[in-house]
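Data first, discussion second: the structure below is written as structure tokens.
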Protein chains: 2
Amino acid sequence: MVKEMVAVMGSKTEEFKEEKEIFLEHIQKSGLRRTAQRDLILEVFLRTEDHLSSEDLYWLVQKEDPNVGQTTVYRTLKLLTEAGLAREVRLGDGRTYYEHHFDHEHHDHMICTECGEVIEFFSAEIEELQDQMAEKFNFKPTHHSLRILGICGECQKLEREQSVASGAQPRVRVKTTLN
Amino acid sequence: MVKEMVAVMGSKTEEFKEEKEIFLEHIQKSGLRRTAQRDLILEVFLRTEDHLSSEDLYWLVQKEDPNVGQTTVYRTLKLLTEAGLAREVRLGDGRTYYEHHFDHEHHDHMICTECGEVIEFFSAEIEELQDQMAEKFNFKPTHHSLRILGICGECQKLEREQSVASGAQPRVRVKTTLN
DNA sequence: CCAATTATTGAAACAGTTTGCATAAACAAA
DNA sequence: TTTGTTTATGCAAACTGTTTCAATAATTGG
């Protein structure tokens, strides 16, 4: 078990060198310690280009090393966030998701309430207006999150087909956890 | 105990007539039943112009009728949301808050990460740009939520005073639950 | 190399919310 | 009104995502 960990320590792939350096730097700067778990979690996180909840990531990591607890994944994700490698995103269900942050432009999200698809978008104009708004209230913004909930193109199409096929009963929306 | 309830049923105040009608209508349309608890919860909710968590509301209701359970408050708030009288707001801590929705203009929130103050604001330009964005992705928006996290004017002032008084140590941010 | 210090870990605790169930209350029909 | 049917209620227990804590492991100073 320990031997395996040592093997992992040597960092499986040579990809993501930059990110790994950043992580190490952050670890050292904060007086923390490099561990096999943290290396593995970072590795798997970087490999997965998606919005991951802590639990999602936990299971992915489990597959490669069953000796990693949920807690460690939570903490490591928090670390990655501090290091600037990950960004917390709340999509609207209770969960917190994480997405790559390093080398990724800032963006906001549209979320389909039918299928859960997440569309990333960016608008410089909206950003600008937000800052103006904040200034008007003498508010110093540090972050913001803009989520647009609705129905994606695909689901709209499906909806139309369904209403034709089954005689246009109004469809019941799935779990409208607003906001 | 039953007598009291009957007294409450008759609706304590004559205010909020419109909202109460809407609620009744929704109740009937959905084949649900009017009950003393629901009436009381609605009443107290309407009386309190604020962002309330389910628990907040629970305690307020408790004061007037100790025979109301948390569960009922949760369920009723969901009802009120469906009826269009309340709106769910996630301010960033785990909790779900509710605010008045009927007859209240749509707005977004700035949240102070120091003191928790919530500033409501509205920008027609931002709304417009959001719709344009959605259209660009063929996305049919139903709701949106824009949160700006940062530091309110008051806390900025405090910060400045503190840094003068105590010799300008960089201040540690309280619970930076981003996003 | 050993002891003392400090960080890391996973299990258990925790908060907020939801669900299942037996009882009580609302409503409709007689 | 009374009866029968169906829904609402509130408790307790389940569940979810997250944080805490005591035991363990790593690192540092002597």
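Below, chain A is the first sequence line, B the second, and so on; all start at residue 1. Every value quoted in this text rests on a predicted model; they were computed, and no experiment measured them.
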For dG10(C), does OP1 or OP2 lie under 4.0 Å from any side-chain N or O of Gln70(A)? no

When the distance from OH of Tyr58(B) to P of dC11(D) is rounded to whole Å, what number comes out? 7 Å

Rounded to the nearest Å, what distance is computed from the CG atom of residue Leu52(B) to the P atom of nucleotide dT17(C)? 13 Å

Are OP1 or OP2 of dA7(C) and a side-chain N or O of Thr35(A) less than 4.0 angstrom apart? no

Apply the hydrophobic cluster definition, ILVMFWY joined by side-chain contacts under 4.5 Å directly or through others, and give me every member besides Leu129(B). Met110(A), Ile119(A), Phe121(A), Ile126(A), Leu129(A), Met133(A), Phe137(A), Phe139(A), Leu146(A), Ile148(A), Met110(B), Ile119(B), Phe121(B), Ile126(B), Met133(B), Phe137(B), Phe139(B), Leu146(B), Ile148(B)

What's the closest nucleotide to the Arg38(A) side chain, out of dT8(C), dT17(C), dT16(D)? dT8(C)

5′-ward residue of the pair Arg95(B)/Leu32(B) relative to DNA chain C: Arg95(B)

With a non-hydrogen cut-off below 4.0 angstrom, is Ser53(A) in contact with a base, only sugar-phosphate, or nothing? nothing

Students often get this wrong, so: under 4.0 angstrom with heavy atoms, is Arg33(A) touching a base, only sugar-phosphate, or nothing? base

Round to the nearest Å and state the distance from Arg90(A) atom CZ to dT16(D) atom P. 18 Å

Sequence-distant partners of Leu60(A), side chain to side chain contact (heavy atoms under 4.5 Å, CB included), two or more places apart: Val44(A), Thr48(A), Leu52(A), Lys63(A)

Residues which pass ring pair (Phe, Tyr, Trp, His ring centres under 6.0 Å) with His26(B), listed by chain and number, not counting sequence neighbours: none

d(CG, Asn67(B); C1', dA8(D)) in whole Å: 15 Å

To the nearest Å, give me how far apart CD (Glu55(A)) and C1' (dT19(D)) are. 16 Å

Looking at residues 72-80 of chain A, who's got a heavy atom less than 4.0 Å off DNA chain D? Tyr74(A), Arg75(A), Lys78(A)

Rounded off to whole Å, could you give me the CD-to-C1' distance for the Glu88(A) and dG17(D) pair? 13 Å

Between Gln28(B) and dC27(C), is there a side-chain N or O to OP1/OP2 distance below 4.0 Å? no

Taking side-chain hydrogen bond (donor to acceptor under 3.5 Å, both in side chains) as the definition, give me every residue that meets it alongside Glu127(B), ordered by chain and number, with sequence neighbours left out. His106(B), His144(B)

For dC11(D), does OP1 or OP2 lie under 4.0 Å from any side-chain N or O of Thr71(B)? no

Once ring pair (Phe, Tyr, Trp, His ring centres under 6.0 Å) is applied, do any residues pair with Phe45(B), and if so which ones, sequence neighbours excluded? His100(B)

note: Tyr98(A), atom OH; dG17(D), atom P; distance rounded to Å ~ 13 Å

Can you tell whether the side chains of Arg147(B) and Asp108(B) come within less than 4.0 Å, N to carboxylate O? no

Considering residues, nucleotides and ligands other than Glu105(A), do more than 12 of their heavy atoms fall under 6.0 Å from its CD? no

Grab the CG-P distance between Leu40(B) and dA8(D) for me, whole Å please. 17 Å

